[in-house]
There are 2 protein chains.
Amino acid sequence: MYTLDQVRCFLAVAEELHFGRAAERLNMTQPPLSRQVQKLERAVGVPLLERDNRHVELTTAGTVFLEEARRLLTAADAAPALARKIAAGRAGVLRLGFTAASGFSLLGTLVQEITDFMPDVDLDLQELVTIEQIEAIRRGELDLALGRPPFDQESFDSRLLLSEDLVLAVPPGHALTRLDRPVTAADLRDQPVVGHHPTKARYFYDMVVRYIAVEHGNVVHVVSQILTMCSLVAAGRGVAFVPESARLLGLPGVTFVELDVPHGVVELHAIWDRSSKNPALHEFLRYLHPSS
Amino acid sequence: MYTLDQVRCFLAVAEELHFGRAAERLNMTQPPLSRQVQKLERAVGVPLLERDNRHVELTTAGTVFLEEARRLLTAADAAPALARKIAAGRAGVLRLGFTAASGFSLLGTLVQEITDFMPDVDLDLQELVTIEQIEAIRRGELDLALGRPPFDQESFDSRLLLSEDLVLAVPPGHALTRLDRPVTAADLRDQPVVGHHPTKARYFYDMVVRYIAVEHGNVVHVVSQILTMCSLVAAGRGVAFVPESARLLGLPGVTFVELDVPHGVVELHAIWDRSSKNPALHEFLRYLHPSS
DNA sequence: TTGCTTGATACTCGGAATGCATCAGTTCCC
DNA sequence: GGGAACTGATGCATTCCGAGTATCAAGCAA
């Protein structure tokens, strides 16, 4: 079995792609570093790095192991911190994930409310896209997510926090800003579109497919974050479908026009594992559902 | 910093609530176990166990650390297993490009076969024309392409997957449907033709130039996708040369007549970079060439 | 060719973990 | 009340592992 030190060694080498520099970063010399990585590879059972007597590069297995290694080390660092916080008499820790987009809208007020209502609870905030949040909850690395459907209704409970409109982000002075009616699919026939990633931003992708049949050939970029979309719009690369709260970004070079879609279609939910035993989470849920 | 062994020691003690039995379970003697747990507690910074000279019990911090510890060890066990699976090609990602036309014919069965043969491999599908696929492979953004010649035989390996006939798409009731012999170039002298794009659909363009000398002036549209061609035929804009599998589209307003060209001239190849290191690709190739 | 770079290996040394023996505190029972 | 039994901690000798130094081997450049 391998040790965390070996994982740390591997991480440094994988990031530097150079044993000498990695050793320097770890405050050790190169030979023991080589041996530690060799040991790790023997423990894992497959080569993680390909050494070329001149260059070092990750194998495919090494690439995915690197991801796991990062998570492992993060968890290894977080565990004692968590234990210390508990021991220090704090009421607990609430690990809250949020999407970049929800950060603009209600994250601020929500954090304020939580700290008011549960002043002794430490809040750990992490920005992740929805699926990553769901995965993190499933792995027990997160207590509460601010995300969008779909998610497994079996294992997760949720509550709708916010409904907002889907609007079209366009550069200022764009022809569509001069329309005095909501933009329809027909208006977009010849518009380059900055599209959503079909899996990472599945919620928006599905919504756009459903309400606005965008010509496949019009999609000029595929991205997963609202902020990136707006930047691309500002750069004149096309128009984009974004939640109304993107206005709060205050980005120059972007303005927003109404779309011919139902109001309030963009939903933001609080999502949690119904089997979680974190007392801080339950305390928060009591605040969220004052009834129950 | 602590080690995974220390965590394993703590886990055993926390579960047994007895140093002696925990030591037995870990195949070690009791004194070093005590010291390992002490070390872990020093690393974490707070007591995790309360020893009572008669009983052992978890502190509050110990309880939450126990949970984290379990997760940590699970992740530490899972990571190498995952890496081994990746290296064996039994898991991972296979990025598969396909032309719209190949989508109608064998993409479905191929995808089915891949998911049967390599159930843990994620398939990323992307529709691109052949040259874009080749470029994507060259840039390392795609592992496998379903495309048509020509492509650089130096850097790419390939395998013929399908040969089919070139047929003529015409509107139903068209004069050429009443011929009782294959259509020849002469029959097309006065027909408006929906033509292929000379670079984006070079394979079909070259093939048509080679087998049927179409009058230049007859070409009323130049498009690069079979589906677009068929739609234009259905709209009565002309006739078009398409692979027989376009029948599978089931488009109303289009029927197909035989052409006086050799059978099986439309080829579809699986194409890949012979220097690719993706184990999932190699696993798939083993499936494709059971011989080698 | 020579010299430089880079990762692997040989060897020695110091620190850490192990196991044995033992201690110290508690509980139980006669 | 006192000794036996039990439990976790500690002292000590041994062993083992990992670190550092020196060096090697392979590839590349001039």
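The analysis underlying the following values was restricted to heavy atoms, covering all of them including side chains, and did not include hydrogens, waters or symmetry mates. Sequence lines set the chain letters: A, B, ... in the order given, protein chains first and strands last, and positions in each chain run from 1.
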- Item | Where chain A begins and ends its contact with DNA chain C, read 5' to 3' at 4.0 Å from heavy atoms | C:dT5 to C:dC11
- Task: Go through the N and O atoms of the side chain of B:Q30 and the base of D:dA9, and report whether any donor-acceptor pair is under 3.5 Å.
- Result: yes
- Item | Polar side-chain atom of A:R21 near backbone of A:F19 as donor-acceptor pair, under 3.5 Å | no
- Task: To the nearest Å, give me how far apart CG (A:D5) and C1' (D:dG18) are.
- Result: 10 Å
- Item | 5' precedence on DNA chain C between B:D52 and A:V56 (nearest-nucleotide basis) | A:V56
- Determine, using ring centers only, whether A:F65 and A:F10 are less than 6.0 Å apart. yes
- Message: Less than 4.0 angstrom from a charged side-chain N to a carboxylate O is my criterion; do A:K39 and A:D5 meet it?
- Response: no
- Message: For the CZ atom on B:R202, are there more than 12 heavy atoms of other groups (residues, nucleotides or ligands in this structure) within a distance under 6.0 Å?
- Response: no
- Message: Would you say the ring centers of A:H196 and A:Y205 fall short of 6.0 Å from each other?
- Response: no
- Item | Length of the line joining B:H18:NE2 and D:dT7:P, which is rounded to integer Å | 4 Å
- Check: B:E267 main-chain N/O paired with B:R148 side-chain donor or acceptor under 3.5 Å: yes
- Item | B:L49 CG - D:dA9 C1' separation (whole Å) | 14 Å
- Rounded to whole Å, the CG-P distance (B:L48 to D:dG8) equals 16 Å
- Work out which heavy atom in B:W272 is nearest to a heavy atom in B:I137; give both atom names and the distance. CA-CD1, 4.2 Å
- Whole-Å gap separating P (D:dA19) and CD (A:Q38): 13 Å
- Message: On the nucleotide D:dA9, are OP1 or OP2 found under 4.0 Å from the side-chain N or O atoms that B:S34 carries?
- Response: yes
- Message: I need the CD-C1' distance between A:E24 and D:dG20, as an integer number of Å.
- Response: 16 Å
- Message: Expressed as a whole number of angstroms, how long is the span from A:Q6:CD to D:dA19:P?
- Response: 9 Å
- Query: Of B:F19 and B:R35, whose closest DNA chain D nucleotide lies nearer the 5' terminus?
  - Reply: B:F19
- For B:E50 and D:dT7, give me the distance from atom CD to atom C1', rounded to whole Å. 16 Å
